[in-house]
Amino acid sequence: MAGELEPGLEVLTDPRVITDADVRAFAALSGDDNQLHADDEAARAAGFRSRIAHGMLGVAVASGLLARTGLTRGTLIALAGVTWRFVAPIYPGDAIRLRVRVEERRASSKQGRDVVRLSLTLMNQDDVVVQEGDVTEIVRALPE
């Protein structure tokens, strides 16, 4: 599918619901036990409607949704860079999906490899952008 990684290509994933169990598991895995992620009252006191998911949980789920597109399946060599912005909170119960746009594909300095830059937009069920950024990946080059 890497042959389809041409600039302008856009893909929208199916949604994935962020559950309370996801937030608890991420807290345990990351060691981030901030009360914003565990206590509704603490989150409300901070200006949120209820507890929120970890920002990095959104990044991790975006990575998984990107993998599910299959865009680099069988051709991905490495993740070369990420720039990311946290725009709005993700709440347990939100159904988030990822819009992927291929921004650039060029030859790498290493033979047989290409550099692909993808624009990623993570949105909730109301089409509110919650996170966004760019990912640069190294993939096997297209056959000449």
Side-chain angles (χ1 to χ4, degrees), residues 1-108 110 112-142:
M1 201 154 176
E4 297 176 13
L5 285 173
E6 296 304 321
L9 173 70
E10 282 195 18
V11 175
L12 183 63
T13 69
D14 289 333
R16 183 203 186 283
V17 175
I18 302 301
T19 66
D20 285 324
D22 292 330
V23 175
R24 285 192 306 274
F26 195 84
L29 176 67
S30 67
D32 180 351
D33 61 357
N34 186 300
Q35 289 299 299
L36 294 176
H37 311 303
D39 183 282
D40 285 331
E41 291 305 317
R44 279 196 277 277
F48 300 103
R49 70 172 189 244
S50 66
R51 66 191 174 283
I52 59 173
H54 302 72
M56 296 307 288
L57 173 59
V59 176
V61 169
S63 175
L65 291 172
L66 175 58
R68 287 184 187 176
T69 68
L71 288 172
T72 59
R73 184 171 291 123
T75 64
L76 182 64
I77 295 170
L79 176 64
V82 177
T83 59
W84 206 251
R85 225 167 54 93
F86 303 91
V87 180
I90 298 172
Y91 294 97
D94 279 354
I96 59 174
R97 58 200 163 104
L98 185 68
R99 183 176 57 232
V100 181
R101 178 178 167 80
V102 179
E103 297 294 340
E104 175 185 18
R105 182 175 188 154
R106 62 181 169 73
S108 168
K110 292 187 178 180
R113 297 179 177 192
D114 284 348
V115 177
V116 176
R117 187 171 54 85
L118 307 170
S119 172
L120 306 180
T121 306
L122 198 61
M123 301 167 292
N124 69 16
Q125 65 279 353
D126 298 319
D127 290 330
V128 172
V129 174
V130 294
Q131 297 181 7
E132 62 187 0
D134 286 344
V135 171
T136 303
E137 296 182 333
I138 309 300
V139 297
R140 277 202 302 272
L142 293 171

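Since this is a predicted model, take the numbers as computed values, not measurements.
- The distance from atom OG1 of Thr121 to atom CG of Asp134, rounded to the nearest 0.5 Å, is 9.0 Å.
- The line from CG of Leu12 to CG of Asp14 is 8.0 Å long, rounded to the nearest 0.5 Å.
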Per-pair distances, 0.1 Å, donor-acceptor, side chain in residues 23-33, under 3.5 Å, sequence neighbours excluded:
residue : atom : partner : partner atom : Å
Ser30   : OG   : Phe26   : O            : 2.8
Ser30   : OG   : Asp32   : N            : 3.1
Asp32   : OD1  : Asn34   : N            : 3.1

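- How far CG of Leu118 is from CZ of Arg105: 10.0 Å, rounded to the nearest 0.5 Å.
- Of the possible donor and acceptor atoms, none in the side chain of Asp94 sits under 3.5 Å from a partner among the backbone N and O of Ile96.
- Atom CG of Asp39 is separated from atom NE2 of His37 by 12.0 Å, given to the nearest 0.5 angstrom.
- Of the possible polar contacts, none joining the Arg113 side chain to the Ala141 backbone as a donor-acceptor pair under 3.5 Å is found.
- Arg140 pairs in a side-chain contact (heavy atoms from CB on, under 4.5 Å) with only one of the listed residues (Asp114, Leu76, Ile77), which is Ile77.
- Applying the side chain to side chain contact (heavy atoms under 4.5 Å, CB included) criterion to Asp126, with sequence neighbours excluded, gives Asn124, Val128.
- Counting heavy atoms from C-beta outward, Arg16 and Asp22 have side chains that approach closer than 4.5 Å.
- Between Asp20 and Arg51 there is a salt bridge, since at least one side-chain N of the basic residue sits less than 4.0 Å from a carboxylate O of the acidic one.
- Counting heavy atoms from C-beta outward, Val130 and Val87 have side chains that stay 4.5 Å or more apart.
- Rounding to the nearest 0.5 Å places CG of Leu57 at 11.0 Å from CD1 of Ile52.
- Within the 4.5 Å cutoff, no side-chain heavy atoms of Leu71 are placed close to those of Val116.
- Across Arg44 and Arg49, no two heavy atoms sit closer than the pair NH1-O, 3.2 Å.
- Residues Gln131 and Ile90 form a side-chain contact, since some pair of their non-hydrogen atoms from C-beta on lies under 4.5 Å apart.
- Of all non-hydrogen atoms in Ala53 and Pro92, the two that sit nearest each other are N-CD, 4.4 Å.
- Contact detail for Ser50 and Asp40: the closest heavy-atom pair is CB-OD1, 3.4 Å.
- Side-chain atoms of Thr13 come within 3.5 Å of backbone atoms of Leu98 as a donor-acceptor pair (strictly under, hydrogens ignored).
- One finds the CG atom of Leu120 at 12.5 Å from the CZ atom of Arg101 (value rounded to the nearest 0.5 Å).
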